[in-house]
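Input: a single structure, listed below in structure tokens.
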Amino acid sequence: MSDQREVTTMEIGEASGEFATRWAGVDFAPAGMVAPDDTDDEQTQCHDWGVYAESAWRGQAFLYWQQLYAVGQFLDIALAGLDDQVCAGAEQKDLFDPYAVAVEFFGAMFAGNRRDSRALVAMAIAVAERLPRTADLLRQTVISPAMFAKVVDRTDIVDEPAIVATVDQDVANALAKAGHISEKAAERIADRIVDKHDREASRKRRDKAQRRKNVTRRDYTDGLGGITITADAEETRLAYEAVEAMIAGVCPNDPRSKGALRSAAAIARLRGLPFTCACTGKETCTATLSTEEISERQARIIVHAVCRKTTLAGGDDEPGFLDGHGPIGADHVRDLARRPDALVRDLDLSKLLTPHRTLATTAETTTPDNGGAHSGDSDGARAAPKAEYRPPTGDDEDAETGSADTGDQDGGAATETSGGPVPPTFLTDTAQPGDPYRPTAALDVLIRALFGTCTVPGCDQPAWHCELDHCQEFNQVCPASGGPTCLCNLNPKCKRHHLLKTHLGATNPADGWIDEQWIDHDGTVWTAITVHGITLETRAENQWLFPDLTAATCAHQAQAPPETAPAGEPAPPRAGACTPSGGLRAATAHKHAWRRAERARLRRERAHADELYGPPPF
């Protein structure tokens, strides 16, 4: 028996070695997988290994497409054979059809269960028939296998071939232009497009989801069990926040983890038991867990939804957006607005959008047709980079101008003058008059609704649970030296990523994160994060909610840049500027100056890439 075991082990090892040798002999350098030189500095090596890992990640997407293509070809041949037999009049006595045969064959080949094999064959069919344009992004390594699987799942409810083709085209276009996004973001894009093009599919999906409402129980090992509550998205968010409000009252000496606290609070609420602090020093306990104190905190819980005014009035069926969940159908939006505890407030973009002519004269503005249920002022912090737009030279008074459209139009188009295109509207009055650091209530809501989540790729922390951050740092001591408080410099970041952006690179700025934000010539808001020399660009996810922002730009970007000082002479200090006196302030000033220089370099590289290849995706 011993010898037999040794022979078996050796044969497995040889088989494994054969496959390893095949891949080890492949030259991946043309695909970007080049190991760094050990003699390079640490920063360069980190950059090169990052590029290597990203190239391998993209390679997985390409190989997955190849796998699905091969499965599809296998199925096509089997179906063609069946078709030939039927056309020849042969009697069909096969127990299994080609689909069942393919499922069983690939299940055995990849040692997977029937469910996984069936999903693989379904993916291959989606590549060949349902979503070929979106699948081509997989071949181009623009999206990941998991992202494609999410899109396939969320579009499966659409049956009409013509609508499927339209959804496929729109999803492919949206994903290609979205930049570096997460699987969850791709899922939200697919949901929004399905809701837009197939109202019946959206209704069917919601009706089907309503039937899944339930409370289930499951036993785990080690004496644990679980309870799962399935309900409307807004109800689950309210319930979760209610639990968070309960545990916020325990004192700092409570030894339980956040998870254990949530569990104890939820069970106490469900069973009608009191929720108490578990600290040992009851004499010094500072817990605020009385019924009145918990109720007061829970009364401040708000779930935010944003939609078009026309949708709310029943004029169209454009989808809306629910904070922490994603796109929701028009019927769902209207149901939310009819809730007795809903407060509907208009997001009046006329407070922000000023027609171009009014920068020099006075003109009437229009009220964009966007609105939603949301809260008022925010206490978060804020973010943005330098101007991408410069106005043309010449007399703007004589230039034909446009204004922000209303209704469900796509916004005003840029007009032409002798000096080039002029944005029809500018974003003005974005900061509070008495505090240039804080955005106005309108801008606060606009920013959070526009991005939807934390702007760091892969982080899905809801925007209304994030802090607003100035990309180009706002100087608290000398506001004249800081970045502007406006749409092109402000975005939501969760607490963790805000801290990472702020504090990484304290000793060496090159080790930190550099984030940028800009509005392109189409009025699209982009963010980018550069780490170890690798830049990840992402488009603001909910731009579709605000067509009035099309071709808009920030008013401060229209100002002429300061004249460059003659060579050899120091640049004159700006009004209100300060000089750091040393220590931590000097280190921070150095970090901010280094970041400004890097942002300027990245802007130049982006402009050069635009000239060579056009706007992204390249």
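Computation of the quantities below employed the complete heavy-atom set of this structure, encompassing side-chain atoms and omitting hydrogens, waters and symmetry-equivalent molecules.
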Any salt bridge between [X] and [Y], counting N to O under 4.0 Å?
X      : Y      : answer
Arg603 : Glu516 : no
Asp460 : Lys184 : no
Asp198 : Lys196 : no
Asp232 : Arg339 : no
Glu234 : Arg237 : no
Arg203 : Asp331 : yes
Asp195 : Arg205 : yes
Asp207 : Lys204 : no

Over 60° means perpendicular and under 30° means parallel, so classify the ring planes of Trp23 and Phe28, tilted if in between.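 Ring orientation, 0 to 90° scale: parallel.
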
Taking the inter-plane angle between the rings of Trp49 and Tyr52 on a 0 to 90° scale, is it parallel (under 30°), tilted (30 to 60°) or perpendicular (over 60°)?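 Trp49 vs Tyr52 ring planes: perpendicular.
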
What closest approach, in Å, do [X] and [Y] show between heavy atoms, and which atom pair accounts for it?
X      : Y      : result
Trp544 : Arg308 : O-NH2, 2.9 Å
Pro492 : Cys466 : CB-CB, 3.8 Å
Val142 : Ala176 : CG1-CA, 4.4 Å
Val344 : Ala337 : CG2-CB, 4.3 Å

If you count every heavy atom of other residues, nucleotides or ligands that lies below 6.0 Å from [X] atom [atom1], does the total exceed 12?
X      : atom1 : value
Lys495 : NZ    : no
Arg338 : CZ    : yes
Tyr69  : OH    : no

Using the rule given for side-chain hydrogen bond (donor to acceptor under 3.5 Å, both in side chains), can you reason through His532 versus Gln45, listing the C-alpha separation, both sets of side-chain angles and the distance that settles it, and then say yes or no? CA-CA 9 Å; His532 291 299; Gln45 290 190 54; over 6 Å; no

Working for side-chain hydrogen bond (donor to acceptor under 3.5 Å, both in side chains), residues Tyr99 and Arg118: CA-CA 9 Å; Tyr99 292 99; Arg118 189 180 295 114; over 6 Å; no

If we check side chain to side chain contact (heavy atoms under 4.5 Å, CB included) with Gln210, which of these qualifies: Arg212, Arg206, Lys208?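 Option passing the side chain to side chain contact (heavy atoms under 4.5 Å, CB included) with Gln210: Arg206.
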
Check for me whether the distance between the ring centres of Phe148 and Tyr64 falls short of 6.0 Å.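 No.
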
Using the side-chain contact (heavy atoms from CB on, under 4.5 Å) rule, take Val127 and Ile125 through it: C-alpha gap first, then chi angles, then the decisive distance, then the call. CA-CA 5 Å; Val127 168; Ile125 294 172; over 6 Å; no

